[in-house]
Amino acid sequence: MPAASAEAIGRHPHLAEPARSGWVRVDLHSHTMWSGDCTTTPDEVEEAVVASGIDVLCITDHNAIRGALELTGQLPCRVVVGEELRTHAGEVIGLFLTERVPFGVSAPEAAARIRAQGGLVYIPHPFDPVRHNLRETELRALASEGLVDALETFNAKTSLAHLNAQAAALAEELDLPGGAGSDAHVPEALGAAYVEMPDFDGPESFIDALRAAVVVGHHFDRPRQWRARIVPSTTID
């Protein structure tokens with residue numbers, strides 16, 4: 001990807017730092033208009049990706065993968081198809097998905113369905129109670145069964161730094177790689193948080209590379225400025 005734009009650097013100063021050779025910048029958690037609580041259109045995603053210089057975008061819409069599938073090959077970055085789904089105990093993200101996992105299932109069933117299609121189980125904002133976090137008892141139970149691949153140790157929308165620090169401490173305790181994401185619900189948020197990691201090819205090498213990753217980011221949770229606009233209708237199936 002080309003270097004980030006001056007406007008994007010103004011929002012996210014860390015984007016000015018040069019990327020390491022052979023490494024990629026990966027946002028593990030982002031949303032589009034398919035999420036229901038986000039109105040970011042495909043054109044806006046494309047513009048934001050170009051502005052931020054993100055190399056890999058994990059599109060993790062709420063209970064949907066249609067947007068990620070449609071944007072794969074259409075953006076100037078690589079796309080990882082993901083889904084942030086609500087379980088009975090909190091939210092779980094599946095990465096490298098080929099099929100949507102239905103919301104409302106138990107956390108163990110969600111993890112099993114993600115794994116069954118060759119995906120990775122990524123737990124977002126583990127300790128942020130305003131983000132529908134997965135309950136710690138459930139998270140630890142999943143981890144004890146080997147059903148967690150990585151934890152989100154930096155979420156750009158989490159306003160209290162100690163909650164991200166608590167997630168990082170748990171990842172270290174459980175010997176799980178840590179990830180980071182913008183949790184972008186507006187296009188300007190892309191670039192707020194990501195990991196810099198060695199390049200990868202598929203889920204297995206993704207996890208290996210994530211163990212060497214460096215988390216980059218800052219808190220960014222600005223509301224969308226109102227303007228007259230038309231957002232296309234979407235369906236999750």
Side-chain angles (χ1 to χ4, degrees), residues 1-2 4-5 8 12 15 19 22-85 91-101 113-115 117-122 124 149-150 152 155-156 177 179-210 213 216-217 231-232 234-237:
M1 287 291 294
S5 71
H12 313 303
L15 291 174
W23 286 42
V24 288
R25 291 178 171 176
V26 184
D27 184 338
L28 277 81
H29 186 172
S30 70
H31 296 272
T32 74
M33 65 185 189
W34 278 269
S35 272
D37 62 348
C38 172
T39 61
T40 303
T41 64
D43 287 347
E44 289 174 323
V45 176
E46 181 175 359
E47 291 170 3
V49 166
V50 171
S52 64
I54 291 293
D55 299 295
V56 182
L57 185 63
C58 300
I59 297 178
T60 56
D61 286 319
H62 294 296
N63 309 309
I65 64 169
R66 174 66 66 85
L69 290 172
E70 291 196 12
L71 289 172
T72 298
Q74 302 301 312
L75 297 180
C77 69
R78 285 145 62 187
V79 171
V80 172
V81 176
E83 178 189 359
E84 185 174 26
L85 65 127
E91 290 180 330
V92 172
I93 285 178
L95 298 174
F96 295 95
L97 300 183
T98 56
E99 298 179 358
R100 184 175 73 89
V101 180
R113 286 176 178 245
I114 291 166
R115 287 281 186 83
Q117 54 186 289
L120 300 176
V121 179
Y122 179 58
D149 295 297
E152 185 171 68
N155 180 292
S182 62
D183 199 354
H185 285 68
V186 296
E188 295 82 7
L190 284 185
Y194 50 84
V195 295
E196 292 186 350
M197 57 191 277
D199 207 350
F200 62 92
D201 181 17
E204 185 174 348
S205 63
F206 182 92
I207 288 297
D208 290 340
L210 192 59
V216 179
V231 178
T234 60
T235 59
I236 60 175
D237 291 318

Problem set entry | Thr72 side, atom OG1; Leu57 side, atom CG - distance, nearest 0.5 Å | 10.0 Å
For this session: Measure across Ala180 and Tyr122 and return the closest heavy-atom pair with its distance rounded to 0.1 Å.
Result: N-OH, 3.4 Å
Exercise. Does Thr234 reach the side chain of Thr32, with side-chain heavy atoms less than 4.5 Å apart?
Worked result: no
Problem set entry | Of Thr41, Leu75, Leu71, the residue whose pairing with Glu46 passes side-chain contact (heavy atoms from CB on, under 4.5 Å) | Leu75
Exercise. Can you name the closest pair of heavy atoms from Cys77 and Asp55 and give their distance?
Worked result: CB-O, 3.3 Å
For this session: Using the ring-ring contact (aromatic ring centres under 6.0 Å, His included) rule, collect all pairs that involve residues 38-75, keeping only residues at least two apart or in two chains.
Result: His31-His62, His62-His185
Problem set entry | Distance in Å, Arg78 CZ paired with Ile54 CD1, rounded so as to fall on 0.5 Å steps | 12.5 Å
Problem set entry | Residue pair Arg25 / Leu15, side-chain heavy-atom distance below 4.5 Å | yes
Exercise. Between Ile65 and Asp61, is any pair of side-chain heavy atoms under 4.5 Å apart?
Worked result: no
For this session: For Ser182 and Ala156, work out which heavy atoms get closest and say how close.
Result: O-CB, 3.7 Å
Problem set entry | Closest contact, heavy atoms only, Ala193 versus Gly181 | CB-O, 3.5 Å
For this session: Check whether any side-chain heavy atom of Glu91 sits under 4.5 Å from a side-chain heavy atom of Thr60, and report yes or no.
Result: no
Exercise. How many angstroms lie between OG in Ser30 and CD in Glu84, if you round to the nearest 0.5 Å?
Worked result: 10.0 Å
For this session: Would you check if Trp34 and Ile59 make a side-chain contact, meaning some heavy-atom pair closer than 4.5 Å?
Result: no
Problem set entry | Nearest heavy atoms of Met33 and Pro42, plus distance in Å | CE-CD, 3.6 Å
Exercise. Rounded to the nearest 0.5 Å, how far does CD of Glu83 lie from CG of Leu95?
Worked result: 10.5 Å
Exercise. Is any side-chain heavy atom of Met197 less than 4.5 Å from a side-chain heavy atom of Val24?
Worked result: yes
For this session: Mark yes when over 12 heavy atoms from residues, nucleotides or ligands other than Asp37 sit less than 6.0 Å from its CG; otherwise mark no.
Result: yes
Exercise. Quick one: CG on Asp183 to CD1 on Ile93, what's the gap to the nearest 0.5 Å?
Worked result: 7.5 Å
For this session: Using atom types as modelled and distance alone, determine if a side-chain donor or acceptor of Asp27 lies under 3.5 Å from a backbone N or O of Tyr194.
Result: no
Exercise. How about Asp149 and Phe206: do any of their side-chain heavy atoms sit closer than 4.5 Å?
Worked result: no
Exercise. With a 4.5 Å heavy-atom cut-off, do Gln117 and Val101 have their side chains touching?
Worked result: yes
